[in-house]
*Asks:* 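Here it is, the structure, as structure tokens.
Naming convention: chains lettered A, B, ... in sequence-line order (proteins, then strands); numbering from 1 in each chain.
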Number of protein chains: 2
Amino acid sequence: MKNTLKNKDISQTPFRRDVLKIFNSHKNAIPLSVIEQELSSYNRVTLYRTIKSFIEKNIIHEIVISGEESKYALSKENKDTPYQQHIHFKCRSCNILFCSELDKAITISLEKHKIERLDIQAFGICNKCNIS
Amino acid sequence: MKNTLKNKDISQTPFRRDVLKIFNSHKNAIPLSVIEQELSSYNRVTLYRTIKSFIEKNIIHEIVISGEESKYALSKENKDTPYQQHIHFKCRSCNILFCSELDKAITISLEKHKIERLDIQAFGICNKCNIS
DNA sequence: CAGTATTTGCAACGATGTTACATGTAAAAT
DNA sequence: ATTTTACATGTAACATCGTTGCAAATACTG
């Protein structure tokens, strides 16, 4: 099922549809620069605002890695489905960055601190790069 | 044992000593703005370059969390000690951010992808905030 | 102490992201 | 379907962040 702007409490505009279309056409997380390349024309300010409202509406989420350009990926979870632990995997060979759900949830305990949520980033070599 | 600039392949200057002193006086990760406040005077460019070289020499590391100012913390590991999994904990009440080592290493498998390193960020309520 | 390599401060620049405001457009109301 | 209203967009200006080139100062080497 395609991600749409409907039922997201956000008004539908041509620009937002174009941006969402780009996210739907990418399996993996993409940086702003890719979105800019794929838009025939755009306004910098509007794009920033679109990204910001998509994040607020939980349509996408931001993935930041130290020293790298932020990337964005469609969020699978929404208000109806509970939070699922998911991991971001980054391949150091092809630089691809994608999200994946964890089969078994990870539990970490940290002394007397109460952990409510975990963000996990994994770095390594992806399937494809491992073969070739 | 205090962290020093010796044996780090980096020349010692008053400014670097001042910055390092600030890191040594904080148990937790701090943003640039805190360093700036605690330096009686400083040059913006020099501070950026100092932070960058401290990161390169693995004296400190950067912790980035989506939507927040980057923070920096002293690195415990250096070239002599092997990489240890460590976790960043952020308290959503007092906003403190600190690093902690994991007693037992976490293993995650992701289909056919080869994971070499994990970064884990935990969010919740810290010990102190939990009590009060 | 002299020579060399590195660091610093300054000025200028470029990239990134935000704000105010006028205009345009989508959604809601009639 | 038309009006009304709320929200989204484009523009310009601005603020912040981080970098670069260069000259002067300082730390390290012999």
*Asks:* Decide if the gap between the ring center of B:His88 and the ring center of B:Phe123 is smaller than 6.0 angstrom.
*Replies:* no
*Asks:* Which sits closer to the 5' end of DNA chain D, B:Ser70 or B:Thr13, going by the nucleotide each is nearest to?
*Replies:* B:Ser70
*Asks:* Nearest-nucleotide wise, let me know which of B:Leu32 and B:Arg17 is further upstream toward the 5' end of DNA chain D.
*Replies:* B:Leu32
*Asks:* Looking at A:Glu62 and A:Tyr72, what are the two nearest heavy atoms and their distance?
*Replies:* OE2-OH, 3.2 Å
*Asks:* Would you say B:Lys52 reaches D:dT19's phosphate, i.e. side-chain N/O to OP1/OP2 under 4.0 Å?
*Replies:* yes
*Asks:* What's the CG-C1' distance between A:Asp18 and D:dA8, to the nearest Å?
*Replies:* 14 Å
*Asks:* C:dT7 C1' sits how many Å from B:Leu47 CG, rounded?
*Replies:* 14 Å
*Asks:* Could you check which of D:dC17, C:dT18, C:dT7 has an atom nearest any side-chain atom of B:Ile10?
*Replies:* C:dT7
*Asks:* Quickly work out the B:Glu36 CD to D:dT16 P distance and round it to whole Å.
*Replies:* 12 Å
*Asks:* With a 3.5 Å cut-off and heavy atoms only, can you find an N or O donor on one side and an acceptor on the other between the side chain of A:Arg49 and the base of D:dG10?
*Replies:* yes
*Asks:* What are the two closest heavy atoms between A:Val64 and A:Gln121, and how far apart are they?
*Replies:* O-NE2, 3.1 Å
*Asks:* From D:dT9, C:dT18, C:dA26, pick the nucleotide closest to the side chain of A:Pro14?
*Replies:* C:dA26
*Asks:* Ignoring the backbone of B:Asn43, work out which of C:dC10, D:dA12, D:dA8 is nearest its side chain.
*Replies:* C:dC10
*Asks:* Between C:dG17 atom P and B:Glu69 atom CD, what is the distance in whole Å?
*Replies:* 15 Å
*Asks:* Rounded to the nearest angstrom, tell me the gap between atom CZ in A:Arg44 and atom C1' in C:dA15.
*Replies:* 8 Å
*Asks:* Is it true that A:Lys21 and A:Glu38 have a side-chain N and a carboxylate O under 4.0 angstrom from each other?
*Replies:* no
*Asks:* Between B:Arg16 and A:Ser11, name the one whose nearest nucleotide on DNA chain C is closer to the 5' end.
*Replies:* B:Arg16
*Asks:* Mind calculating the distance between CZ (B:Phe54) and C1' (C:dT7) to the nearest angstrom?
*Replies:* 12 Å
*Asks:* On the nucleotide D:dG10, are OP1 or OP2 found under 4.0 Å from the side-chain N or O atoms that A:Thr46 carries?
*Replies:* yes
*Asks:* Would you call B:Asp18 and B:Arg16 a salt bridge, using N to O less than 4.0 angstrom?
*Replies:* no
*Asks:* What is the distance, rounded to the nearest whole Å, between atom OH of A:Tyr48 and atom C1' of D:dC17?
*Replies:* 12 Å
*Asks:* Whether B:Thr50 contacts C:dT7 is assessed here as follows: a side-chain N or O lying under 4.0 Å from the phosphate OP1 or OP2. Is that the case?
*Replies:* no
*Asks:* Atom CG of B:Asp9 and atom P of C:dT6: how far apart are they, to the nearest Å?
*Replies:* 10 Å
*Asks:* Please compare B:Val45 and B:Phe15 by the position of their nearest nucleotide in DNA chain C and report the one closer to 5'.
*Replies:* B:Phe15
